[in-house]
Amino acid sequence: MSIRWPDGTSTDIPAGTSAGDALRHWNAQQTRLALAAILDGELIDLAHPLTHAGVLAPLLPDDKAGREVLQHSAAHLVAKAVTELIPDALPTDGPPTDEGFYYDFEMRPLTADELPALEAKIRETVRRKDRFERSEISKTEAEALFRHNPHKLGYIAKVPDGRPVSIYRTGTFTDLCRGPHVPDAGWLEGIHILGFSAVIPGTVSSGGAFQRVRGVAFPTRAELETYLKRRTEAEARDHRILGPRLELFTFSDEIPGFPFWNPKGMIVVRELEAFVREHLAEAGYSEIRTPLIYPQSIYETSGHWEHYRENMFLTTVDDRTFGLKPMNCPGAMLVFRSRSRSYRELPMRLAEFAPLHRLEASGTIHGLTRAREFVQDDAHVFVTEEQIPAEIRTLIEWVQRAMGTFHLEWTAELSTRPAKFLGTAETWDRAESMLKSVLDGAGLKYKISPGEGAFYGPKIDIHIRDSLGRSWQCGTIQLDYQLPDRFGLQYQGTDGTLHTPVVVHRVILGTWERFLGVFLEHCAGWLPPWLAPVQVRVLPVTERQVPRVTELAAEWRTAGLRVESTDSQDTLSKRIREAEVAHVPYIAVVGDREVAAGTVALRAHGQKGQRSLTPAQLVEQLRAKVATREYDP
RNA sequence: GCCGCGGUGGCUCAGUCGGUAGAGCGGCUCCUUGGUAAGGAGCAGGUCGAGGGUUCGAUUCCCUCCCGCGGCUCCA
């Protein structure tokens with residue numbers, strides 16, 4: 001029978017030849033690393049016997065599907081080790097993930113001292129190169145085989161009657177599995193357990209928490225080492241370490257989740273605010289300031305009392321219950337409602353940068369990226385339905401521009417109508433297709449999350465990733481058809497009758513806190529000159545130049561630069577090092593030569609060597625970079 | 001909130017098989033006047049996360065709580 005290869009050629013192969021042998025026959029060199037095969041678009045094991053003509057291609061570890069086969073095979077080894085060590089453990093599911101893989105078990109909690117034994121078991125299987133052996137059995141046979149495991153029985157029940165069920169045996173361990181898998185455990189030399197934790201059961205319900213063992217796998221030990229090294233380097237960028245070290249912010253054990261912005265961090269926040277405010281002015285926004293605390297009645301109107309109460313900081317005064325606002329919406333609604341409005345005022349764009357408080361669950365707090373108090377670059381835009389597309393388009397452009405300024409990679413996600421929603425399905429459909437067409441029009445690739453929309457309207461979320469690849473939601477653009485109605489907002493239209501506006505809730509950067517947390521990791525603490533709390537540090541070579549340095553520092557400060565100077569107690573090298581460790585982008589050195597020439601020797605981060613320039617040139621160049629918000633010094 | 005792990009000067013860490021603690025960096029003072037990532041010396045700084053229990057005696061063992069870290073859930 002004739003097998004066609006990816007290069008377009010074909011070969012006559014005897015029926016019954018395994019996919020692996022066939023591939024080797026075609027091109028032993030190119031298929032050396034193949035861990036599975038693709039037959040007519042379908043993934044198969046290398047051991048799979050070919051029974052009919054078709055197109056056959058190798059599946060390599062670098063392919064997305066190949067990577068998943070590798071990770072998923074690794075998950076089987078973990079399940080094998082766990083069940084050998086703890087026979088009561090019931091394997092549930094073990095899929096590949098973005099980073100690696102995990103396997104969930106219904107079992108008593110694992111402890112850290114069991115980890116070495118687990119790892120030893122896995123290494124043993126790898127060393128023995130246990131084969132992944134596939135077989136197909138009937139549903140009835142499968143039900144008998146997995147009779148002790150309700151989770152597996154659940155999966156079997158979903159298979160249509162009459163269809164065979166495939167199982168994979170690896171040594172003593174047998175798992176229900178679609179496959180394919182790598183040929184044997186020897187392919188998983190670079191397998192590594194990342195950790196374990198309790199997880200809350202998802203679709204399979206059984207009461208208590210499951211145990212999840214997470215890991216990552218590579219074909220070789222060397223690739224694992226590279227990965228672990230990269231991970232260690234990424235950990236060194238952790239904003240929770242960098243922030244306090246650079247004196248940007250701190251936390252106190254007395255009040256977890258509440259950032260303390262130190263003087264240097266406050267400069268960064270103010271610059272971010274200035275960046276956002278500059279655009280607000282261009283885009284026709286006005287800024288408001290409304291109370292931080294509201295009585296229960298307001299939250300009953302807004303719906304927060306019903307939907308968000310357990311996440312709010314509440315207090316009682318004179319027998320009335322008040323809550324710190326978790327969102328800015330109520331204030332904006334009340335400003336809109338404070339007098340009658342005309343269609344001529346729409347779109348009405350009200351921005352507010354107020355501290356918000358959310359009582360986040362204790363286990364979820366995470367430095368700046370998940371705090372209990374934060375400030376959003378928030379605004380509420382009151383529009384007519386016809387005005388929505390143009391407004392959203394402007395916002396998307398804004399996101400693109402802002403993310404470009406910070407050199408951040410980002411992804412967009414469209415969340416659609418949830419099971420429980422307010423309003424009519426037609427309104428939702430219209431809003432969703434409108435958001436889609438704006439995203440398409442902007443040429444953006446985006447993910448659709450069905451049913452993930454807020455109960456009051458669909459939304460577009462903007463995600464960015466931290467140094468360890470964790471994804472954080474920053475910007476969000478949400479359509480709201482409910483809040484204006486709940487607050488009884490109205491405007492007089494051209495027809496002279498009263499209409500209810502639609503509200504667009506929108507943040508671009510998200511919050512100063514989360515955005516800066518992620519961005520600090522992105523730039524490894526080397527903030528661009530326009531954000532750097534100290535832009536220049538001036539160092540005298542010896543005591544003799546101290547007066548000149550003092551003079552320069554004053555001059556530059558007057559010119560609007562953020563400058564620090566040092567005396568000459570330590571050696572020059574030592575002071576250069578201190579400035580580098582403090583992540584100051586520009587270091588200006590002044591010795592006798594510079595005093596005589598009326599120059600400074602400038603060392604800029606990321607550039608080799610120094611260059612000589614006059615103080616006026618430095619001011620001019622740095623101002624230009626700040627004005628255009630250039631990323632690199 | 002759930003599971004696991006951790007908490008020793010500002011930071012990074014050593015140590016005590018139960019007899020109340022050390023280093024380096026940082027800080028301060030002095031010496032050094034040095035040309036692009038650590039010059040030298042001295043000094044100060046710790047109720048060993050908090051509370052309770054066991055003990056003649058607890059930083060060390062046990063319990064509870066607090067905080068942190070990883071993950072889950074939720075979210076900007």
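These numbers come from a predicted model, not from an experiment. Note on naming: letters A, B, ... go to the chains in the order of the sequence lines (proteins, then strands), and numbering restarts at 1 for each one.
- An OP1 or OP2 oxygen of B:rC75 is reached within less than 4.0 angstrom by no side-chain nitrogen or oxygen of A:R358.
- By the 30° and 60° cut-offs, the orientation of the rings of A:H605 relative to A:W526 is parallel.
- Comparing B:rG4, B:rU33, B:rU36 against the side chain of A:R544 picks out B:rU33 as the nearest.
- Annotation: B:rG70 and B:rC28 have their P atoms spaced 33 Å apart (nearest Å).
- Against RNA chain B, the stretch residues 396-404 of chain A makes no heavy-atom approach under 4.0 Å.
- Distances shorter than 4.0 Å separate some side-chain N or O of A:H366 from OP1 or OP2 on B:rG70.
- Residues A:L368 and A:L110 both approach RNA chain B. Their nearest nucleotides, taken by heavy-atom distance, put A:L110 toward the 5′ side.
- The gap from the P atom of B:rG22 to that of B:rA37 amounts to 37 Å, rounded to the nearest Å.
- Across all strands shown, B:rC75 remains unpaired; no Watson-Crick or G-U wobble contact has both distances below 3.5 Å.
- Taking 4.0 angstrom as the limit, A:R245 places none of its side-chain polar atoms (N or O) nearer than this to OP1 or OP2 of B:rU12.
- Taking OG1 of A:T566 as the start and NZ of A:K574 as the end, the distance is 11.5 Å to the nearest 0.5 Å.
- If you measure from atom NE2 of A:H463 to atom C1' of B:rA76, you get 10 Å, rounded to the nearest angstrom.
- For B:rA76, the OP1/OP2 oxygens have no side-chain nitrogen or oxygen of A:T511 closer than 4.0 Å.
- Interatomic distance, A:T92 OG1 to A:Y103 OH, rounded to the nearest 0.5 Å: 6.5 Å.
- A:E432 and A:T416 share no donor-acceptor pair across their side chains, judged by distance under 3.5 Å alone.
- Protein atom CD of A:E452 is 8 Å distant from nucleotide atom P of B:rC75, rounded to whole Å.
- Residue A:Q545 is classed as having no contact, given no heavy-atom separation below 4.0 Å to the nucleic acid.
- Under the Watson-Crick and G-U wobble criteria, each requiring two contacts below 3.5 Å, nucleotide B:rC67 is paired to B:rG6.
- B:rU47 and B:rA21 have their C1' atoms separated by 13 Å, with the value rounded to a whole Å.
- Base pairing annotation: B:rG42 forms a Watson-Crick or G-U wobble pair with B:rC28, both donor-acceptor distances under 3.5 Å.
- Only the C1' atoms considered, B:rA23 is 14 Å distant from B:rG46, to the nearest whole Å.
- Across all strands shown, A:R506 has no heavy atoms under 4.0 Å from either base or sugar-phosphate atoms.
- Residue A:P256 has its side chain nearest to B:rG68 when only B:rG71, B:rG68, B:rA76 are considered.
- Not a single donor-acceptor pair under 3.5 Å links the side chain of A:D480 to the backbone N or O of A:V503.
- Here the side chain of A:S197 is nearest to one of B:rG71, B:rC5, B:rA76, namely B:rG71.
- At whole-Å resolution of the value, CD in A:Q569 and P in B:rG42 are 17 Å apart.
- For the residue pair A:E254 / A:S252, no side-chain donor-acceptor distance below 3.5 Å is found, with atom types taken as modelled.
- Across the interface with RNA chain B, nearest-nucleotide mapping of A:D113 and A:D592 shows A:D113 to be the residue nearer the 5′ end.
- Across all strands shown, B:rG19 forms a Watson-Crick or G-U wobble pair with B:rC56, both key distances being under 3.5 Å.
- One can place CZ of A:R372 at 13 Å from C1' of B:rG68, the figure rounded to the nearest angstrom.
- Note on ring orientation: taking the six-membered ring where Trp is involved, the planes of A:F515 and A:F519 are parallel (angle under 30°, cut-offs 30° and 60°).
- A distance of about 34 Å separates the C1' atoms of B:rA44 and B:rC61, rounded to the whole Å.
- In terms of phosphate contacts, A:R240 brings no side-chain nitrogen or oxygen within less than 4.0 Å of OP1 or OP2 of B:rC67.
- For B:rU33, neither phosphate oxygen OP1 nor OP2 lies less than 4.0 angstrom from any side-chain nitrogen or oxygen of A:K574.
- Remark: the A:S573 side chain and the B:rG35 base include no donor-acceptor N/O pair separated by less than 3.5 Å.
- No side-chain donor-acceptor contact under 3.5 Å links A:N262 to the backbone of A:K264.
- Put simply, the side chain of A:R514 and the base of B:rC75 share a donor and an acceptor less than 3.5 Å apart.
- For the pair A:E235 CD and B:rG71 P, the interatomic distance rounds to 10 Å; values are reported in whole Å.
- Looking at the side chain of A:Q211, the nearest of the listed nucleotides B:rU36, B:rU33, B:rC3 is B:rC3.
- No donor-acceptor contact under 3.5 Å links the side chain of A:E543 to the base of B:rG34.
- Between A:I477 and A:I396 the shortest side-chain heavy-atom distance falls below 4.5 Å.
- Straight-line distance from the NE2 atom of A:H239 to the C1' atom of B:rG68: 13 Å, rounded to whole Å.
- Among the nucleotides B:rC72, B:rG35, B:rG71, the one closest to any side-chain atom of A:A601 is B:rG35.
- Atom CG of A:L539 and atom P of B:rG34 are 16 Å apart (whole Å).
- Look at B:rU36: it lacks any Watson-Crick or wobble partner with both distances under 3.5 angstrom.
- OP1 or OP2 of B:rG70 has not a single side-chain nitrogen or oxygen of A:R212 nearer than 4.0 Å.
- Taking only side-chain atoms of A:V541, from C-beta outward, the nucleotide of B:rG68, B:rG35, B:rA76 with the closest atom is B:rG35.
- Considering only side-chain atoms of A:A198, the nucleotide from B:rC67, B:rG4, B:rC3 that sits closest is B:rC3.
- Taking 4.5 Å as the limit, some side-chain heavy atom of A:Y227 sits within range of a side-chain heavy atom of A:R231.
- Nucleotide B:rC69 holds its C1' atom 13 Å from the CZ atom of A:F196, rounded to whole Å.
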